[in-house]
Amino acid sequence: MWASVQTVRGCPKHCSFCSVWRTDGQKPRQRHVSQVLEEIVDLRRRGFRFIALADDNFYPVPLADLAQARRRENPERLQSLEALRAERFELMDRLAQLPGDMVFFTQITMEAAEDPEYLDAMSRARIRGALVGIESVTPEGLKDVYKDFNLAGDALAERLQEFKKRGVHVLGSFIFGLPSDKPATFDATAALAQQANVTLAQFVMLTPFPGTLDFQKWEASVADDVEKIDGIPVTRHWLIPKHLRPKVYAPHPVMSADEIRTRTQGVWDEFYALPLVWQRAKCVKSIKSRLAFVMISKLYRQMYANTGISTDSARSNKAHRMTRLMARPLVKLFAGAPMPELQMPN
Ligand code: SF4
């Protein structure tokens, strides 16, 4: 349904669960705007009109970093940040010149909502949606994952609404199973997702990916006492056959793995209940678009909640088959007529 193009790699942050900054580095490296454009134009010629800008972080230069470079009177850093930012604007200005039926989606940090100039440029470029890593709705949870630059509570909901006001829909990403999470965190997260009016949401369970800070801490904590499944230590979980892999790895201070799993499933069910999805579908005008929105929401839930959380492999396989069936008609809906003559924007 979507093609994907990467425009920038690396993220200056250092969230504890995230593999991006460990593998791709903290210094953002941007591809030349013309190369990115050539790839996108080629895809549109072939009939792809929906493109995911599959960047680690589409907002590599937050205003806070610019202010800090000014405060520290560091002209070299300031110049390199400003150049990076200027290239982002150039990319967005040129995306805006592409055919009007094109739609882009990306991944971004919440700080972009403080930058109306940037959000307006995104809107002009028809970047209609962005995955925003919200992770936790509590200050304690954000501290757990070294993401204190995010907001919590009401301020968080207001910040997220800024995206929508400027025409950028948010796919909010939340993590459950953080050390400070409590049973009440699940309800609070479901309520916040509603209050912030995010268009889509995903609720994932904390997974220690190799190379991350969380992984290192977890591996050191289990040391020689590590549990084995099929003879494989859980600290090498990617080698365990998929149907045997646990869903939650690190022991939680107040909840069992099963409690985290069932409560996570409950939040997916609540967020994607049909009446709420239909209400959210009002973000598009025609009945046809609303029905498409409902199908996409249900497909999204099917792809992640039903296939990723279930511990029953038969149920999980059935969910995979259902996902394929649901996706088939949507492929046609997403395609555009090929434009073999399309030229590069200036
Ligand atoms: S979670 Fe997002 S903001 Fe944090 S390091 Fe990873 S890519 Fe960067």
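For clarity, every value in this text was computed on a predicted model and none was experimentally measured. One-based numbering, in listed order, for ligands and for the atoms of each. Side chains are part of it too, since the values below use all heavy atoms of this structure and drop only hydrogens, waters and symmetry mates. Just so you know, residue 1 is the first one in the sequence shown, and it goes up from there.
- Salt bridge annotation for R263-D181: absent, with no cationic side-chain nitrogen under 4.0 angstrom from a carboxylate oxygen.
- Distance from atom 4 (Fe) of ligand 1 to its nearest protein heavy atom, with residue and atom name: C15 SG, 2.3 Å.
- Short contacts between ligand 1 and F17, defined as distances under 4.0 Å to a heavy atom of the residue, involve ligand atoms 1 (S).
- Taking 4.0 Å as the cut-off, D56 counts as a neighbour of ligand 1 on heavy-atom distance.
- Between atom OG of residue S19 and atom CG of residue D24 there is a gap of 8.0 Å, rounded to the nearest 0.5 Å.
- With E82 as the fixed residue, the salt bridge (charged side-chain N to carboxylate O under 4.0 Å, His left out) test singles out one of R88, R77, R70: R70.
- For the residue pair D154 and Q195, a side-chain donor N or O sits within less than 3.5 Å of a side-chain acceptor on the partner.
- Protein heavy atom in closest approach to atom 5 (S) of ligand 1: W21 CD1, 3.4 Å.
- Close contacts between ligand 1 and K147 involve ligand atoms 1 (S), 2 (Fe), 3 (S), 4 (Fe) [criterion: under 4.0 Å to a heavy atom].
- Ring-centre distance between Y118 and F89: below the 6.0 Å cut-off.
- Salt bridge R46/D42: present, at least one basic N to carboxylate O contact under 4.0 Å.
- C18 SG, 2.3 Å is the protein heavy atom nearest to atom 6 (Fe) of ligand 1.
- With respect to the salt-bridge test (charged N to carboxylate O, under 4.0 angstrom), the residues K165 and E162 qualify.
- Summary of contacts: the protein heavy atom closest to atom 8 (Fe) of ligand 1 is C11 SG, 2.2 Å.
- Contacts between Q107 and ligand 1 below 4.0 angstrom, taking non-hydrogen atoms only, are absent altogether.
- When non-hydrogen atoms are compared, ligand 1 lies under 4.0 Å from the side chain of T109 (C-beta onward) but not from its backbone.
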